[in-house]
Structures are given as C-alpha cells and as structure tokens.
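One structure is given below, encoded as structure tokens.
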Amino acid sequence: CRTCPLLHRTDICGVVQRLPRRVSVPQAQVRFLPPLLMKFTAMKILTLIIKQKWFDAILSGEKTVETREVRPTNTKYISYRDNNTGKVYKKDSDVPESAWDSEKGVDTVINHYDAIQFWVGYEKNRPGALVEVKGVELVDVCDEETKEPIVYEHNGNEYTMTEIDYHLGKVIEKMNC
C-alpha cells in the first residue's frame with residue numbers, strides 16, 4: 001500500500017481508507033498544501049504555468065485538453081520501464097544500455113496525475129486552479145505533408161517527437177481568481 005501524509009492510504013484496489021488518528025503529520029508538511037486538498041487523500045498533482053488566456057479558457061470549459069511537448073530531458077511527464085526487470089527509471093539515460101538492446105526492450109510509461117495545478121505566470125499572488133485529470137495520452141507528432149512521425153536526435157539517440165495530452169475534468173478549486 002502507498003501511505004500518504006494526510007492520514008489516509010490507498011489499498012491495492014485503489015480504495016481510500018482512513019488511518020488511525022495517532023498518525024501525526026508534521027505541521028511543515030501540511031502548511032504548503034491548498035486547503036481543499038487537506039480534506040482529501042493525497043492527490044498526485046502536476047504543476048504547470050500557463051498564460052491568462054488559456055487559464056480563462058480552462059475555467060470556462062472551452063479548453064478541455066492541455067498539451068505539452070515531451071522531451072527526453074523532462075521527467076515529469078513520462079518514465080521508462082525496463083521490460084527485462086520491470087524496473088522503472090525517471091530518465092532514459094538511467095536505463096541500462098543492455099535493456100535498450102534486449103529483445104524485450106524498454107517501454108515509455110506515462111506518469112499518472114490525479115490533477116493539474118495551473119498557475120498564471122510567476123507572481124506571488126497569481127491566479128491558480130486545481131483541475132481534475134480525466135485521461136491522458138501520448139501522441140506522436142507527424143509531418144503535415146508526409147504524415148510520418150517526426151524523428152530528432154538528442155545526445156546521439158533518436159527520438160520520435162511526442163506530445164502528451166491531458167484531458168481535463170472539473171475545476172476542483174480556484175485560488176486568487
């Protein structure tokens with residue numbers, strides 16, 4: 001089971017259970033969580049910075065998909081699973097070379113998030129919103145003319161240009177709006 005600092009835990013079936021009150025949570029851990037999150041089990045939250053016009057479109061329900069480019073150096077969107085051992089690595093450079101060359105190979109694994117914390121810019125009292133993630137998918141970026149996936153090189157390795165689409169659900173909480 002995965003235990004979180006909010007006095008809840010999730011069992012193997014994904015059922016949230018309340019832990020006994022005697023489990024203490026240091027005040028420093030609680031202080032930085034949005035108030036609404038303190039009422040629920042710990043959520044895995046992706047934090048993204050966006051422009052005001054996209055933020056407004058998300059709040060109005062006009063924008064229902066948030067798209068981000070996936071790069072080999074960005075570890076918050078994907079991980080890599082060595083299919084020989086089952087071990088998951090944050091960075092492709094951490095995966096043993098033998099795994100890439102093996103018959104079973106390496107799979108790209110989408111990192112799971114329950115919600116996205118959107119912030120407008122970098123100001124101290126900026127507007128923000130916590131938005132549910134209903135689904136996620138990796139999409140290969142293709143050349144408009146040939147319809148072939150775009151391939152590029154990074155540190156001597158070839159990669160297919162990929163984007164990740166987060167399908168947005170309801171707005172859970174608004175801050176400074």
Side-chain angles (χ1 to χ4, degrees), residues 1-52 54-61 63-82 85-92 94-95 106-139 162-177:
C1 292
R2 183 183 81 220
T3 305
C4 74
L6 296 177
L7 306 178
H8 290 79
R9 71 179 177 138
T10 305
D11 66 16
I12 294 172
C13 301
V15 176
V16 177
Q17 300 174 340
R18 185 91 172 142
L19 292 178
R21 276 261 181 218
R22 66 180 182 272
V23 178
S24 64
V25 179
Q27 190 60 34
Q29 288 181 355
V30 175
R31 184 176 352 160
F32 299 106
L33 293 173
L36 184 67
L37 290 185
M38 290 187 219
K39 297 176 187 173
F40 301 105
T41 185
M43 297 169 60
K44 187 146 185 212
I45 299 172
L46 173 64
T47 300
L48 298 175
I49 306 301
I50 59 175
K51 294 186 179 210
Q52 184 71 52
W54 302 124
F55 181 76
D56 294 340
I58 289 168
L59 292 184
S60 71
K63 180 174 169 62
T64 60
V65 176
E66 176 64 21
T67 300
R68 295 290 166 129
E69 183 179 347
V70 177
R71 297 174 181 251
T73 55
N74 191 325
T75 60
K76 64 178 160 182
Y77 304 126
I78 60 171
S79 299
Y80 302 89
R81 182 179 51 235
D82 177 347
T85 64
K87 188 169 180 184
V88 176
Y89 299 89
K90 280 190 146 208
K91 297 188 286 188
D92 67 334
D94 294 340
V95 179
V106 176
D107 282 339
T108 301
V109 179
I110 298 173
N111 294 339
H112 169 77
Y113 291 100
D114 300 306
I116 298 176
Q117 175 64 63
F118 289 104
W119 294 109
V120 177
Y122 296 92
E123 297 296 320
K124 185 176 180 176
N125 291 320
R126 60 195 173 181
L130 184 64
V131 181
E132 170 190 34
V133 174
K134 289 174 38 177
V136 62
E137 62 184 327
L138 283 175
V139 180
T162 306
E163 293 177 336
I164 192 161
D165 288 345
Y166 292 98
H167 299 273
L168 306 175
K170 65 183 177 186
V171 175
I172 299 169
E173 181 180 20
K174 297 178 194 176
M175 290 143 281
N176 301 322
C177 293

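Because the structure is a prediction, the values reported are computed rather than measured. Note that the numbering runs from 1 along the sequence shown for the chain. Side-chain atoms are counted along with the backbone in the values below, which use heavy atoms only and exclude waters and symmetry mates.
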Under the rule for side-chain contact (heavy atoms from CB on, under 4.5 Å), what residues qualify as partners of Lys134, not counting sequence neighbours?
Glu132
Working to the nearest 0.5 Å, report the span between CE of Met175 and CZ of Arg126.
10.0 Å
Distance-minimising heavy-atom pair for Ile164 and Tyr77
CD1-O, 3.9 Å
More than 12 heavy atoms from other groups under 6.0 Å of CH2 on Trp119:
yes
Quick one: do Val139 and Glu137 satisfy side-chain contact (heavy atoms from CB on, under 4.5 Å)? Show the steps, please.
CA-CA 6 Å; Val139 180; Glu137 62 184 327; 4.1 Å; yes
To the nearest 0.5 Å, what is the distance between CD1 (Ile45) and OG1 (Thr47)?
7.0 Å
Ion pair present between Arg81 and Asp107, side-chain N to carboxylate O less than 4.0 angstrom?
yes
With heavy-atom distances below 4.5 Å as the criterion, would you say the side chains of Val95 and Lys87 are in contact?
no
Should Asp82 and Tyr89 be marked as a side-chain contact (heavy atoms from CB on, under 4.5 Å) after you check the CA-CA gap, both sets of side-chain angles, and the distance that decides it?
CA-CA 8 Å; Asp82 177 347; Tyr89 299 89; 4.0 Å; yes
To the nearest 0.5 Å, atom CD1 of Ile58 lies from atom OG1 of Thr64 at 9.5 Å
Atom NE2 of His112 and atom CG of Asp114: how far apart are they, to the nearest 0.5 Å?
3.5 Å
Thr75: side-chain contact (heavy atoms from CB on, under 4.5 Å) partners, not counting sequence neighbours
Lys90, Lys91
My understanding is that only residues two or more places apart in sequence, or in another chain, count here; which of them pass side-chain contact (heavy atoms from CB on, under 4.5 Å) with Val133?
Ile116, Tyr166
With Glu163, which residues qualify under side-chain hydrogen bond (donor to acceptor under 3.5 Å, both in side chains), at least two apart?
none
Criterion side-chain contact (heavy atoms from CB on, under 4.5 Å) on Gln117 and Val131, from CA distance to verdict:
CA-CA 6 Å; Gln117 175 64 63; Val131 181; over 6 Å; no
With Asn176 via side-chain hydrogen bond (donor to acceptor under 3.5 Å, both in side chains) - residues at least two apart:
none
Residues forming a side-chain contact (heavy atoms from CB on, under 4.5 Å) with Leu59, sequence neighbours excluded:
Phe55, Ala129, Val171, Lys174, Cys177
Result block: side-chain N/O donor-acceptor pairs under 3.5 angstrom for residues 65-73, not counting sequence neighbours:
| residue | atom | partner | partner atom | Å |
| --- | --- | --- | --- | --- |
| Glu66 | OE1 | Lys63 | NZ | 3.4 |
| Glu66 | OE2 | Arg68 | NE | 2.8 |
| Glu66 | OE2 | Arg68 | NH2 | 3.0 |
| Thr67 | OG1 | Asp165 | OD1 | 2.7 |
| Arg68 | NH2 | Ile49 | O | 3.2 |
| Glu69 | OE1 | Arg71 | NH2 | 3.3 |

For Ser79, which residues count as a side-chain hydrogen bond (donor to acceptor under 3.5 Å, both in side chains) partner, sequence neighbours excluded?
Asn111
Flag the pair Leu48 / Lys76 as yes when at least one side-chain heavy-atom distance between them is below 4.5 Å, and no otherwise.
yes
Applying salt bridge (Lys or Arg N to Asp or Glu O under 4.0 Å) to Asp94 and not counting sequence neighbours gives none
